There are 2 protein chains.
Amino acid sequence: MTTLLDVARKAGVSKSTVSNVVRGVEFVSSETRVRVELAIAATGYRPNEIARALRGRSTTAIGIVLPDLRNPFHAEMTVAAERAANRLGYALLAANTECDPELEEETGRALIARRVDGVIIGGISLGSHLPKLLLDHGIPVTLASLGDHKDPRLSIVDTDDRGGMDVIVRHLFDLGHRKMAFVSQSLQEHAGERRRLAFSQSLLQLGLRPARSRQGATAIVAHNDMHAIAVMDELERQGIRVPADLSIVGFDDIPLAAHRRIGLTTIRSDATAIGGRAVELIVKAAQSGNLQSTREVFATSLVVRSSTGRVMV
Amino acid sequence: MTTLLDVARKAGVSKSTVSNVVRGVEFVSSETRVRVELAIAATGYRPNEIARALRGRSTTAIGIVLPDLRNPFHAEMTVAAERAANRLGYALLAANTECDPELEEETGRALIARRVDGVIIGGISLGSHLPKLLLDHGIPVTLASLGDHKDPRLSIVDTDDRGGMDVIVRHLFDLGHRKMAFVSQSLQEHAGERRRLAFSQSLLQLGLRPARSRQGATAIVAHNDMHAIAVMDELERQGIRVPADLSIVGFDDIPLAAHRRIGLTTIRSDATAIGGRAVELIVKAAQSGNLQSTREVFATSLVVRSSTGRVMV
DNA sequence: GTGAAAGCGCTAACAT
DNA sequence: ATGTTAGCGCTTTCAC
């Protein structure tokens, strides 16, 4: 593999001159610049990012940790993050942690050992130590669609879960629903529990309490679309019709929710915007070196489709 | 951040001794070993992987390039790859290329600059130069679910597209279909075009030719489930009933295909197995240093659901 | 069994 | 405007 030295020799200059040309430093005579550029083109030289990383203070790599890449919302966020990262010259290290605290810890340590410049967290276990672990090692952390952490070094790009939940509950209420239940995939997940809380609060505003279980409920609110769609399937296999017998609402508005056969009423939140913005924030933090608490909330909106209906008395 | 030297000083030994302990080298007296281990525990030292990478010949990082992480088949493969990579101590660099030749090239160069130990390719453009680019730089490449490249340095973990297509076509034939059309998302994609070819060959065996377009066809075979499901939606929005008016078949058997409201007849192929195996192969190649042509084909099977039906005459 | 020293490829003072 | 040099943190001969 060609190195800086190879190019330098070929161009008959010193390493630093080549380095200066590569990095676009001002003080190089246009004559030598051309000569170096020719040598670079001839050899196909690209700086060794590993050496740069060791020497400099940056790996231009960021990590993204997610509970499950198979969730289209996360996949979409990751794609957006990857695109944004690329554009800024950063690579993305992907890690699935399945909300397993041990895996989260090990992932965190691996990310630290690899000296990533920052980490985007798109989902973690309830009470996870991952943000603190990373921050304590001086690594900037951005929480994406996962607000509510109180560390003052954290930057947060969030969805308006509270607002979204209010709108969902209001929508169901207006359809006559009074018994609504919340379901989530796992009690371990931070985001799911936050939405459960928001759900309870929204109900409370209308003087209602969450239904204990699906049995008594006329409507089910799932913590995300993936789960809502799975629940829909499960119910229908038991002969319960949606929305005739039971209404279902999701959260995220993944593309599939708009499929005519699914028609899931849900809350639209912009995974692409969140992923992209998370990268911008993490890169800014990495480059400036100061970690300050930041919180941006992306608006949500209700998309009414065919999975919710008027309650039958 | 603690370095080897910090630990060495703390333990009152030299850098090399600490290094020997860390790497589990034999010849260290158990006495000093303990002392060093204590110092490591006390400082929370973890080797700097960047320095290791620069010094050694390995970054213990592999790249995975995909056209679209939003495709559940790719997401699943990536999750499996990440898990396998993790287990072997490797990190995964994810890159979406959208089958754009320019992006592929740039991604390849970035991966080379980062000195990844190997690259798994889960999808590329037709006639892409990416495999050659990487291989020419000495980077092992494994094609996952994307066979048919003829470079002798390539290892391939493939799905049996030909076999799967035969079974699909036979299934449709048995249902009375004689006019079948193939649709794919993009003409640019390698895997899609390969399946198109397989489709034609399968038809030919039965003395049939592909239908020119959807119009004349009684059945549609899509190059993957994602596309099949999208087409299903599109058709039904036009008032065409599936399968009453038109049968649809996918390929991959993503989880959604089994959803009762979708019920997509498709070919099951094991994304998890493919992703995991691809990592094993790439790591083996990276560690042994020799690139030999290898081809493993994973069996497929037909899953008949409700998107295909007897043709109405 | 342990330590000293060279060097991976690069950047960034500092000298010229 | 260009060159020299000293490391970044680690592994790896090679002496002791």
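Chain letters run A, B, ... following the sequence lines, proteins first, then strands; residues in each count from 1. Everything numeric here is computed off the predicted structure, so don't read it as measured data.
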Glu49(A)/Arg115(B) ion pair, N-O < 4.0 Å: no
Check against side-chain hydrogen bond (donor to acceptor under 3.5 Å, both in side chains), Ser29(A) and Thr32(A): CA-CA 6 Å; Ser29(A) 75; Thr32(A) 45; 2.8 Å; yes
Quick one: do Glu98(A) and Arg70(A) make a salt bridge, cutoff under 4.0 Å? no
Using atom CE of Met1(A) as one end and atom P of dC10(C) as the other, report the distance to the nearest whole Å. 11 Å
Round to a whole Å and report the spacing from CG of Leu54(B) to P of dA6(C). 17 Å
Are a donor atom and an acceptor atom from the side chains of Ser125(A) and Glu104(A) found within less than 3.5 Å of each other? yes
So that I can tick it off, tell me whether Asp270(B) and Arg277(B) are bridged by a salt bridge, with the cut-off set at under 4.0 angstrom between side-chain N and carboxylate O. no
Run the salt bridge (charged side-chain N to carboxylate O under 4.0 Å, His left out) check on Asp158(B) and Arg295(B) step by step: do they pass? CA-CA 7 Å; Asp158(B) 207 359; Arg295(B) 188 155 199 275; 2.7 Å; yes
Would you jot down, in residue-number order, the residues of residues 15-25 of chain A having a non-hydrogen atom under 4.0 Å from DNA chain C? Lys15(A), Ser16(A), Ser19(A), Arg23(A)
State plainly whether the residues Glu105(A) and Arg109(A) are in salt-bridge range, i.e. N to O under 4.0 Å. yes
Give the residues of residues 28-41 of chain A touching DNA chain D, defined as any heavy atom closer than 4.0 Å, sorted by residue number. Val28(A), Ser29(A), Thr32(A)
Quick one: does any side-chain atom of Thr17(B) pair with a main-chain N or O of Val13(B) as donor and acceptor, under 3.5 Å? no
Nearest-Å distance, CZ (Phe27(A)) to C1' (dA15(C))? 16 Å
Could Asp6(B) and Lys15(B) be called an ion pair, given the rule that one side-chain N must be under 4.0 Å from one carboxylate O? no
Identify whether the distance between the nearest side-chain nitrogen and carboxylate oxygen of Arg87(A) and Glu82(A) falls below 4.0 Å. no
Opening and closing nucleotides of DNA chain D in contact with chain B, under 4.0 Å to non-hydrogen atoms: dG9(D) to dT12(D)
